[in-house]
Asks: 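I have a structure I would like to understand better, so I am pasting it below and will then ask my questions one at a time.
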Protein chains: 4
Amino acid sequence: MKSIISLASDNFSGIHPEVLSAIEKANRGHSMAYGDDPWTQRAQELFKHHFGPSCEAFIVFNGTGANVCGLRHVLSTWQAAFCTNTAHIWTDECGALQAVGCSLIPVPAKEGKLDLKTLQPFIEYQGNLHHIQPAAISITQSTEMGTLYSLDEMKKIAQFARKHNLLFHVDGARISNAAAALKVPLKTLSTDVGVDILSYGGTKNGLMGADAILFLRPGLSKNFQYVWKQHSQLASKMRFLSAQLVALLEGDLWLKNASHSNAMAKLLEEKLRREVPQTKILFPVEANSVFVQMPATVLKKMQEKTFFWIWSEETSTARFMTTWDTNPELIQQFVSDLKKSF
Amino acid sequence: MKSIISLASDNFSGIHPEVLSAIEKANRGHSMAYGDDPWTQRAQELFKHHFGPSCEAFIVFNGTGANVCGLRHVLSTWQAAFCTNTAHIWTDECGALQAVGCSLIPVPAKEGKLDLKTLQPFIEYQGNLHHIQPAAISITQSTEMGTLYSLDEMKKIAQFARKHNLLFHVDGARISNAAAALKVPLKTLSTDVGVDILSYGGTKNGLMGADAILFLRPGLSKNFQYVWKQHSQLASKMRFLSAQLVALLEGDLWLKNASHSNAMAKLLEEKLRREVPQTKILFPVEANSVFVQMPATVLKKMQEKTFFWIWSEETSTARFMTTWDTNPELIQQFVSDLKKSF
Amino acid sequence: MKSIISLASDNFSGIHPEVLSAIEKANRGHSMAYGDDPWTQRAQELFKHHFGPSCEAFIVFNGTGANVCGLRHVLSTWQAAFCTNTAHIWTDECGALQAVGCSLIPVPAKEGKLDLKTLQPFIEYQGNLHHIQPAAISITQSTEMGTLYSLDEMKKIAQFARKHNLLFHVDGARISNAAAALKVPLKTLSTDVGVDILSYGGTKNGLMGADAILFLRPGLSKNFQYVWKQHSQLASKMRFLSAQLVALLEGDLWLKNASHSNAMAKLLEEKLRREVPQTKILFPVEANSVFVQMPATVLKKMQEKTFFWIWSEETSTARFMTTWDTNPELIQQFVSDLKKSF
Amino acid sequence: MKSIISLASDNFSGIHPEVLSAIEKANRGHSMAYGDDPWTQRAQELFKHHFGPSCEAFIVFNGTGANVCGLRHVLSTWQAAFCTNTAHIWTDECGALQAVGCSLIPVPAKEGKLDLKTLQPFIEYQGNLHHIQPAAISITQSTEMGTLYSLDEMKKIAQFARKHNLLFHVDGARISNAAAALKVPLKTLSTDVGVDILSYGGTKNGLMGADAILFLRPGLSKNFQYVWKQHSQLASKMRFLSAQLVALLEGDLWLKNASHSNAMAKLLEEKLRREVPQTKILFPVEANSVFVQMPATVLKKMQEKTFFWIWSEETSTARFMTTWDTNPELIQQFVSDLKKSF
């Protein structure tokens with residue numbers, strides 16, 4: 001692959017220039033290791049600013065680390081978290097949670113989203129020692145299918161969770177895309193709707209590599225520092241992770257990056273609908289992914305031109321993903337190439 | 001703490017300018033995620049260059065991650081690794097190995113080093129189902145006490161390991177300091193003396209954050225990729241970790257940094273012996289740490305001037321650690337302040 | 001509950017007189033602990049007799065212990081076993097497997113049975129480090145729904161397993177009921193059709209408490225003794241567990257008990273079909289369970305007379321289970337009471 | 001080995017006739033499974049009678065199961081329990097605790113007993129996220145060396161535990177021997193001195209196989225039922241385990257068995273001191289073990305006559321263990337044979 005912009009994944013993108021510059025500025029002399037430094041303190045303040053004063057933030061290397069540490073901290077080995085069968089924690093983390101004794105109960109997803117009705121049979125297990133005990137709901141916002149939970153849908157999940165004594169966890173690898181799309185502050189679609197724990201994704205939104213575990217309900221983070229350290233997610237030179245997050249959260253870079261990324265997905269969708277009606281768009285395009293069904297022969301031709309992931313050989317579907325550095329010309333070129341491939 | 005150079009830890013130091021520059025250069029357009037990129041390929045080649053053609057390298061975020069993944073991969077839950085009771089994996093990783101079902105058998109250290117005689121009683125457990133089964137020896141080179149295993153000592157450990165069907169693991173968070181001090185290539189004190197698995201430390205030697213797990217014996221790395229992913233140590237934008245390692249290993253930066261660091265520790269030792277004979281140096285100064293005993297009142301006065309770690313309140317001992325950016329003037333200033341504190 | 005015979009579960013039944021007598025006879029003086037005794041040796045011989053000479057048997061306290069140890073031994077933390085979503089290991093062991101780092105992939109059951117087509121999407125995960133790696137298929141024979149896999153169905157599962165490098169595990173808590181119903185020796189529906197590991201159930205078939213893990217393929221049991229001990233399933237006074245299994249397996253007691261149990265379920269089914277046609281029998285009655293749908297008011301009236309488990313409040317279904325000591329008069333009485341309850 | 005009484009282990013002994021008779025009496029018709037039966041209820045009452053009204057008892061198959069479940073329930077993965085380096089949980093359970101993510105910190109034993117001074121350095125780790133967090137002390141009473149903690153020693157451990165926020169766990173595989181030797185009720189050397197959790201041993205004291213986990217401090221057992229089930233220690237036909245414990249605890253059988261066992265060890269010690277002064281008795285004989293040093297040639301001759309365990313080849317030491325069914329004639333015969341072997 002040449003060093004070009006692709007439509008494969010937000011993980012393929014580089015570091016936003018302002019973020020790189022922040023790393024450079026943090027590289028002055030010595031500082032305390034393991035997070036006892038001014039950059040980390042500032043990042044924690046900024047998380048409180050964006051998610052509310054009860055937010056306790058712990059900075060980690062990556063999203064899998066955030067999900068594993070956050071859920072491991074709150075689940076006993078005899079408890080389980082619900083998730084959809086398309087959730088990243090169920091399908092894309094190589095059993096990271098199960099490896100540390102955390103159980104998941106996968107339920108069928110609808111356009112990547114959790115349907116509360118599917119949880120009911122397992123709720124009846126509560127209190128019966130033969131059954132793993134449901135103790136959390138984990139959703140992904142925006143979802144792995146590029147769809148969104150509305151604020152109202154999130155509130156309903158939170159209510160269900162409270163009613164049944166479940167914690168509400170959000171895999172927010174793309175939470176900024178969700179906030180940008182819903183046009184609400186980060187607090188509105190997290191703390192305010194009743195989310196307890198959130199894996200905050202910075203890496204996919206223009207950072208080199210920095211995410212965070214946010215405990216949004218007071219008291220939940222008690223003793224978490226040990227879990228953080230124990231799961232190898234405590235960076236020694238943490239200032240360089242924190243500086244990235246500060247660059248993202250201090251102004252509106254987080255929002256600009258996510259909005260741009262969303263807009264590019266919308267552009268791709270519109271162009272496909274208008275210019276290549278032979279393709280079928282599988283899910284509502286609400287964040288920065290577009291799932292497109294097209295003939296296998298066309299997929300093959302396009303793969304010779306650019307790199308992207310086949311989502312399903314069986315249904316001949318590709319996933320296209322836009323990012324902070326996708327430009328409209330790329331989209332135009334891609335659609336124009338695609339048209340010619342039919 | 002002001003942004004000055006301290007003698008607290010090699011984790012307090014920043015990023016070497018050449019390494020930072022390498023990160024910047026890697027920030028061009030898109031590249032494959034999860035290590036399928038040219039920087040990672042180059043880093044893997046360089047590890048083969050330095051450790052021999054059988055070396056299989058997996059790049060990780062940090063040293064605890066390297067130790068946990070490496071040992072987890074080769075130990076069944078009913079097996080254990082020997083280590084000293086001063087080993088980082090026993091005392092400083094918050095039970096990271098035990099949390100994933102890996103047992104350790106700590107034995108008393110001699111100046112930070114393992115004494116093979118202490119292992120004998122446990123060797124007799126082999127084959128008896130009531131006892132955890134010794135299956136690996138883990139040492140740290142250079143040790144947590146700043147001492148070194150000679151090549152001959154390493155060979156004896158390797159022989160013992162082979163004889164008793166144990167794997168030989170090295171926590172090489174400061175392996176470069178060891179190689180620099182022993183004046184041998186990296187391969188000579190690892191692959192050539194019979195080390196099987198090595199946690200390679202880059203972070204403490206001038207990187208922003210990148211280490212690696214090296215499997216030095218053919219076949220050992222089979223299926224390791226799943227352990228790597230599962231323990232949240234697979235970086236999505238891996239090129240930025242790999243680029244750091246390439247900068248370190250492509251020329252002799254790794255050696256220059258480590259040699260300088262060692263030289264500064266030697267300088268500190270010499271000045272203390274000559275100028276502050278009231279202090280007592282506890283272990284041979286062979287790498288980049290100096291453990292110094294002095295009256296509690298002196299320790300207290302010095303702590304008002306600069307930050308460093310008290311190693312033991314009980315014995316009134318401080319640990320001083322030099323790094324790639326320690327300069328002789330700092331050492332001079334420190335010793336001169338210390339003299340006045342008596 | 002009075003000390004009567006119920007239709008609730010085979011776990012409710014007592015000890016067959018011949019088994020109790022065997023315990024008494026084994027209670028002579030001292031014997032080696034932890035299985036180094038003649039009763040255990042004899043039990044192991046009998047397992048070889050019934051399951052073939054390659055069978056290696058390890059005696060355990062209970063079925064959950066058998067399932068956990070057997071699968072834990074063969075699965076790495078990054079591997080998973082397929083099972084149905086009605087499997088005991090998925091729904092009734094409180095996450096015992098997940099707690100020790102074993103992942104399960106539940107797929108929808110058809111009358112309690114696994115449908116190979118449901119596994120296909122996960123098979124495509126093999127070799128991709130982002131996904132948990134399918135490495136075993138676990139079925140229950142006879143199933144939790146009282147249904148049976150035919151020999152042909154088992155062979156197809158074994159073929160699929162071999163093709164995709166999966167081990168074939170059978171939860172045989174009621175394997176004797178299956179053998180009795182299919183009218184084949186135990187070896188025919190296990191070793192001969194390609195089963196690799198089998199949890200052998202004695203407890204539900206007239207014992208006080210003794211089950212076994214059977215490794216049917218040579219080499220699979222290597223080092224298993226450590227897993228056995230480590231998971232607290234190695235009995236110190238093992239002779240008293242082994243003596244029970246010897247009583248069951250030496251003659252045809254295992255077959256007599258299972259056949260009787262099956263016959264009583266058949267009798268219940270026939271009487272219900274003939275005498276209480278208002279009830280609906282949900283699954284083919286092939287072993288010793290009968291799932292019966294009836295109005296909630298009737299269920300309630302019957303529960304006042306005798307104890308049994310409601311399988312599903314939602315569908316108003318009860319599970320009736322016969323056992324080695326169920327007698328025809330009890331069935332007659334039950335059906336006659338039921339008729340009057342409408 | 002012939003079916004004779006040996007001096008090898010209390011695990012070699014059989015079932016006391018009153019206990020076997022209790023199993024037979026419990027074998028009447030059906031009863032609820034998984035502990036919802038009158039025998040289990042009665043056993044739980046008897047545990048309250050002997051250990052105080054706050055005692056919550058959970059019946060398990062064996063002592064390793066009791067230790068693992070009890071400690072697993074109260075320790076997070078980042079916490080550790082102190083134990084001696086001769087503790088059963090450290091040396092004889094094949095890493096059972098570590099396998100489920102429980103860390104142990106072994107400290108040197110003095111005649112099998114814990115020395116509080118050895119814990120101090122680890123107490124200083126409390127609150128520091130780099131270190132595993134000490135959260136429990138586990139002792140064995142009577143110890144693996146056949147020695148006893150006095151009531152005063154236990155109180156001091158409890159005080160230390162309270163002061164440092166540690167739970168106090170006792171491996172009481174031979175707690176009855178301790179109570180008999182100290183001539184106090186069970187409550188006096190457990191609940192009254194501040195023990196929080198106790199693994200109660202029945203198997204070594206005349207049962208076929210039944211032990212229990214006792215939570216002695218109110219609130220500690222909350223949610224324990226899930227851990228119990230999950231670790232495969234919940235017996236389906238529990239009445240047959242409970243009936244054994246009822247037989248032991250209803251009258252004074254537990255005390256008679258333990259007292260007899262202790263008396264036989266005392267007898268052996270006295271005879272050895274008087275009649276075979278060439279032997280050396282290694283530890284105070286306070287419960288039912290006698291550790292005896294003698295020339296290797298003598299050990300060898302004696303092993304031809306009877307079975308016993310060599311404790312240490314290196315020091316030429318044998319462990320002799322008496323039990324509820326050891327008779328004075330056996331001791332006499334043994335000592336007389338021994339005399340002739342010199």
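Sequence lines set the chain letters: A, B, ... in the order given, protein chains first and strands last, and positions in each chain run from 1. Small disclaimer: the values here were computed from a predicted structure and weren't measured.
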Asks: When you measure from the side chain of B:Arg28 to the backbone N and O of A:Gly14, does any donor-acceptor pair fall under 3.5 Å?
Replies: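 No, because the side chain of B:Arg28 does not come within donor-acceptor range (under 3.5 Å) of the backbone of A:Gly14.
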Asks: With side chains defined as the heavy atoms from C-beta onward, is the minimum distance between B:Glu24 and A:Glu24 less than 4.5 Å?
Replies: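 Yes; the side chains approach each other to less than 4.5 Å.
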Asks: Where on B:Asn11 is there a heavy atom nearer than 4.5 Å to chain A: the side chain, the backbone, both, or neither?
Replies: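 When you check distances to chain A, atoms from both the backbone and side chain of B:Asn11 fall under 4.5 Å.
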Asks: With chain B as the partner, which of A:Gly95, A:Ser9, A:Ala8 has the greatest number of non-hydrogen pairs under 4.5 Å?
Replies: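 With the most close heavy-atom pairs to chain B, the winner is A:Gly95.
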Asks: Can you measure from CD (A:Gln225) to SG (B:Cys94) and round to the nearest 0.5 angstrom?
Replies: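 So the CD of A:Gln225 and the SG of B:Cys94 are separated by 8.5 Å.
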Asks: When you measure from the side chain of A:Lys237 to the backbone N and O of B:Leu207, does any donor-acceptor pair fall under 3.5 Å?
Replies: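 Judged by distance alone, yes, a pair lies under 3.5 Å.
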Asks: Decide yes or no on side-chain contact (heavy atoms from CB on, under 4.5 Å) for A:Met208 and B:Met208, but give the supporting numbers first.
Replies: CA-CA 12 Å; A:Met208 170 177 156; B:Met208 170 176 157; 3.7 Å; yes
Asks: Distance check, rounded to the nearest 0.5 Å: A:Ser236 atom OG versus B:Lys204 atom NZ?
Replies: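 With rounding to 0.5 Å, OG (A:Ser236) is 6.0 Å from NZ (B:Lys204).
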Asks: Check whether any side-chain heavy atom of A:His231 sits under 4.5 Å from a side-chain heavy atom of B:His231, and report yes or no.
Replies: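 Not in contact.
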Asks: With only heavy atoms counted, which part of B:Trp309 is less than 4.5 Å from chain A, the side chain, the backbone, both or neither?
Replies: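 It is the side chain, since no backbone atom gets that close.
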Asks: So if I take each residue of residues 57-73 of chain A and look for any heavy atom under 4.5 Å from a heavy atom in chain B, which residues do I end up with?
Replies: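 A:Phe61, A:Asn62, A:Thr64, A:Gly65, A:Val68, listed by number.
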Asks: If I measure from the heavy atoms of chain A, does B:Asp211 come under 4.5 Å with its side chain, its backbone, both, or neither?
Replies: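 Contact with chain A: none, neither part.
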Asks: Just so I understand: if I count every heavy-atom pair under 4.5 Å between each of A:Asp36, A:Thr203, A:Val100 and chain B, which residue has the most?
Replies: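 It is A:Thr203.
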Asks: In terms of heavy-atom contacts, does CD of B:Gln41 have more than 12 from other residues, nucleotides or ligands at under 6.0 Å?
Replies: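 It does not: B:Gln41 CD has 12 such atoms or fewer within range.
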Asks: Taking the side chain as every heavy atom from C-beta outward, state whether B:Leu20 and A:Asn27 have any pair of such atoms under 4.5 Å apart.
Replies: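 Yes; the side chains approach each other to less than 4.5 Å.
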Asks: Looking at A:Glu93 and B:Lys229, what are the two nearest heavy atoms and their distance?
Replies: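 Nearest heavy atoms, A:Glu93 then B:Lys229: CA-CE, 3.8 Å.
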Asks: List the atom of A:Arg239, the atom of B:Phe12, and the distance in Å for their closest heavy-atom pair.
Replies: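 Where A:Arg239 meets B:Phe12 most closely, the heavy atoms are NH2-O, 3.1 Å.
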Asks: Of the listed residues (A:Ser13, A:Ala235, A:Gly209), which shares the most heavy-atom pairs with chain B below a 4.5 Å separation?
Replies: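 Ranked by heavy-atom pairs under 4.5 Å with chain B, first place is A:Ser13.
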Asks: Is there a donor-acceptor pair under 3.5 Å between the side chain of A:Gln233 and the backbone N or O of B:Ser232?
Replies: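 Checking the backbone N and O of B:Ser232 against the side chain of A:Gln233, a donor-acceptor pair under 3.5 Å is found.
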Asks: I'd like to check the side-chain contact (heavy atoms from CB on, under 4.5 Å) partners of A:Ala287; sequence neighbours left out, ordered by chain and number.
Replies: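 With neighbours one apart ignored, the set is A:Ser142, A:Asn177, A:Asn262.
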Asks: Check B:Thr323, B:Asp10, B:Thr326, B:Asp325 against A:His30 for a side chain to side chain donor-acceptor pair (under 3.5 Å) and give me the one that passes.
Replies: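 Among B:Thr323, B:Asp10, B:Thr326, B:Asp325, the one meeting side chain to side chain donor-acceptor pair (under 3.5 Å) with A:His30 is B:Asp325.
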